Asker: 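After the structure tokens below, expect a handful of questions from me.
We use all heavy atoms of the structure for the numbers below, so side chains are in, but hydrogens, waters and symmetry mates are not. Since we're looking at a predicted model, the values are computed, not measured.
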Amino acid sequence: MPLDATRNSLVLPILGLLVEQPTHAYEVTARLETRYPHLKIRRSSVVTLLKSLTEGGLLRSGTPESVANRPARTTYQPTDSGIELFRSRVREGLTETAPASADFLSAVAYLGILPVAEAIAVLRARAERLRREIPVIPPGHPEIQMIEVHYWLRVLATEITWLTETADRLAGGDLEVLV
């Protein structure tokens with residue numbers, strides 16, 4: 001498997017969908033298109049990634065099976081190594097990605113794969129990091145000249161609030177996790 005194949009933006013959602021339910025390439029593609037309309041998804045890319053992840057020991061492929069008059073389809077499921085990579089990528093996405101980014105959205109979709117204490121810690125650490133990144137608006141400028149900064153302040157404030165509230169809900173037992 002090419003060293004950078006696991007860095008493809010589709011790997012995290014593919015692994016996530018397969019952790020939720022092992023399935024075949026056609027179904028993975030359909031679920032990706034439904035759940036992640038903001039990603040560019042081509043079935044050929046999904047098939048290539050599934051094969052690369054299998055060759056790399058991150059997925060296990062079943063025996064191809066035919067249903068009715070359909071072509072034989074191979075079901076994929078994550079190996080223990082695949083699940084560990086998935087958890088690692090979720091941690092990384094929750095910790096290191098830019099605010100309000102597609103990469104953060106992909107990672108947060110699978111927050112429940114982390115143990116509760118870790119999920120809480122990661123969310124709180126991200127909120128704190130974002131607080132430190134809040135830009136300062138220089139005095140004396142009309143708002144319209146700094147409108148993008150005002151917008152970004154609102155985006156950051158919203159994400160910080162969501163992160164804090166979600167961490168509090170996890171800590172209070174209001175949200176269930178998968179682990």
Side-chain angles (χ1 to χ4, degrees), residues 6-25 27-41 46 49-50 53-54 56-62 75-136 149-179:
T6 62
R7 304 311 296 169
N8 185 297
S9 63
L10 291 178
V11 168
L12 178 68
I14 286 172
L15 287 173
L17 293 175
L18 293 174
V19 165
E20 290 175 358
Q21 178 184 351
T23 193
H24 53 81
E27 181 66 21
V28 169
T29 303
R31 288 170 54 201
L32 285 170
E33 290 171 343
T34 301
R35 192 159 172 182
Y36 299 100
H38 61 281
L39 295 176
K40 292 181 181 180
I41 300 161
V46 171
L49 284 169
L50 289 170
L53 293 170
T54 301
L58 301 170
L59 296 179
R60 180 175 25 262
S61 61
T75 297
Y76 295 89
Q77 65 182 29
T79 62
D80 290 342
S81 296
I83 292 171
E84 190 48 45
L85 173 70
F86 176 60
R87 279 193 183 106
S88 173
R89 293 290 306 280
V90 168
R91 280 183 208 104
E92 180 183 307
L94 293 171
T95 304
E96 300 174 14
T97 57
S101 66
D103 290 336
F104 175 72
L105 184 61
S106 293
V108 81
Y110 300 104
L111 175 67
I113 194 71
L114 301 178
V116 176
E118 183 179 2
I120 292 167
V122 167
L123 294 176
R124 292 194 195 287
R126 182 179 180 88
E128 186 54 39
R129 177 179 65 95
L130 294 182
R131 282 186 193 95
R132 291 190 306 269
E133 293 178 6
I134 293 176
V136 175
V149 178
H150 289 274
Y151 167 79
W152 194 241
L153 287 170
R154 182 65 58 96
V155 169
L156 290 175
T158 300
E159 187 167 321
I160 290 166
T161 298
W162 184 88
L163 291 164
T164 303
E165 289 174 354
T166 303
D168 291 346
R169 291 180 64 205
L170 282 167
D174 295 340
L175 284 176
E176 288 185 42
V177 293
L178 303 175
V179 183

Asker: Is any side-chain heavy atom of Asp168 closer than 4.5 Å to a side-chain heavy atom of Arg124?
Answerer: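 Counting from C-beta outward, Asp168 and Arg124 do come under 4.5 Å.
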Asker: Return yes if some donor-acceptor pair links the side-chain N/O of Thr29 with the main-chain N/O of Ala25 below 3.5 Å, else return no.
Answerer: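 Confirmed, Thr29 side chain pairs with Ala25 backbone.
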Asker: Check whether more than 12 heavy atoms from other residues, nucleotides or ligands sit under 6.0 Å from atom CG of Asp80, and answer yes or no.
Answerer: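 Counting neighbours around CG of Asp80, 12 or fewer heavy atoms of other residues, nucleotides or ligands fall under 6.0 Å, so no.
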Asker: Which heavy-atom pair separates Pro13 from Ser9 by the least distance, and what is that distance?
Answerer: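 In terms of heavy atoms, the two residues are closest at CD-O, 3.2 Å.
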Asker: Is the shortest heavy-atom distance from the side chain of Thr166 to the side chain of Leu111 under 4.5 Å?
Answerer: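 Thr166 vs Leu111: side chains touch.
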Asker: If you define the side chain from C-beta out and look only at heavy atoms, does anything of Arg89 sit under 4.5 Å from Leu15?
Answerer: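 Heavy-atom side-chain distance check fails, nothing below 4.5 Å.
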Asker: Could you check whether any side-chain heavy atom of Ile134 comes within less than 4.5 Å of a side-chain heavy atom of Ile160, counting everything from C-beta outward?
Answerer: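 Ile134 vs Ile160: side chains touch.
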Asker: Using a 3.5 Å distance criterion without hydrogens, assess whether the side chain of Arg126 forms a donor-acceptor pair with backbone atoms of Leu94.
Answerer: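 Here the side-chain-to-backbone pair exists.
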Asker: So does Leu58 get a backbone contact from the side chain of Thr79, meaning a donor-acceptor N/O pair under 3.5 Å?
Answerer: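 Such a contact is found between Thr79 side chain and Leu58 backbone.
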Asker: I need the Gln21 CD to Thr75 OG1 distance, nearest 0.5 Å.
Answerer: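 So the gap between those two atoms works out to 9.5 Å.
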Asker: With no hydrogens and no angle check, is any side-chain donor or acceptor of Arg129 less than 3.5 Å from a backbone partner on Thr95?
Answerer: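 Answer holds: yes.
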Asker: Heavy atoms only: give me the nearest Ala100-Glu159 pair and the separation to one decimal.
Answerer: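 Minimum heavy-atom separation between Ala100 and Glu159: N-OE1, 2.8 Å.
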Asker: Indicate the atoms forming the closest heavy-atom contact of Gly57 with Ser81, along with that distance.
Answerer: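 Minimum heavy-atom separation between Gly57 and Ser81: O-CB, 3.9 Å.
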Asker: Taking all atoms of both residues into account, what is the closest heavy-atom pair of Arg87 and Leu114, and its distance?
Answerer: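 That closest heavy-atom pairing would be O-CD2, 4.0 Å.
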Asker: Any idea which heavy atoms bring Pro78 and Gly82 closest together, and the distance?
Answerer: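 Nearest heavy atoms, Pro78 then Gly82: CB-C, 4.5 Å.
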Asker: Within the structure provided, determine whether Leu17 and Thr23 are in side-chain contact (heavy-atom separation under 4.5 Å).
Answerer: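 No, side chains not in contact.
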Asker: Mind checking the CG-OG1 spacing from Leu153 to Thr158? Nearest 0.5 Å is all I need.
Answerer: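 Nearest 0.5 Å value for the CG-OG1 distance: 10.5 Å.
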Asker: Roughly how far, to the nearest 0.5 Å, is the CG atom of Leu12 from the CG atom of Asp103?
Answerer: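 Going from CG on Asp103 over to CG on Leu12, the span is 8.5 Å.
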Asker: Distance from Leu50 atom CG to Tyr76 atom OH, nearest 0.5 Å?
Answerer: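 The CG atom of Leu50 sits 5.5 Å away from the OH atom of Tyr76.
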Asker: Going by the angle between their ring planes, with limits at 30° and 60°, are Tyr110 and Phe86 parallel, tilted or perpendicular?
Answerer: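 Correct class here is perpendicular.
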Asker: Given the rule in the salt bridge (Lys or Arg N to Asp or Glu O under 4.0 Å) test, do Glu27 and Arg35 qualify, once you have shown the distances and angles that lead to the verdict?
Answerer: CA-CA 12 Å; Glu27 181 66 21; Arg35 192 159 172 182; over 6 Å; no
Asker: So do Val149 and Trp152 actually touch side chain to side chain, heavy atoms under 4.5 Å?
Answerer: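 No. Closest side-chain heavy atoms not under 4.5 Å.
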Asker: Flag the pair Val11 / Arg7 as yes when at least one side-chain heavy-atom distance between them is below 4.5 Å, and no otherwise.
Answerer: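 In short, these two side chains do not touch, never coming nearer than 4.5 Å.
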Asker: State, to 0.1 Å, how close Pro135 and Leu156 come at their nearest heavy-atom pair, and which atoms those are.
Answerer: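 Heavy atoms only, the tightest pair is CD-CD1, 3.8 Å.
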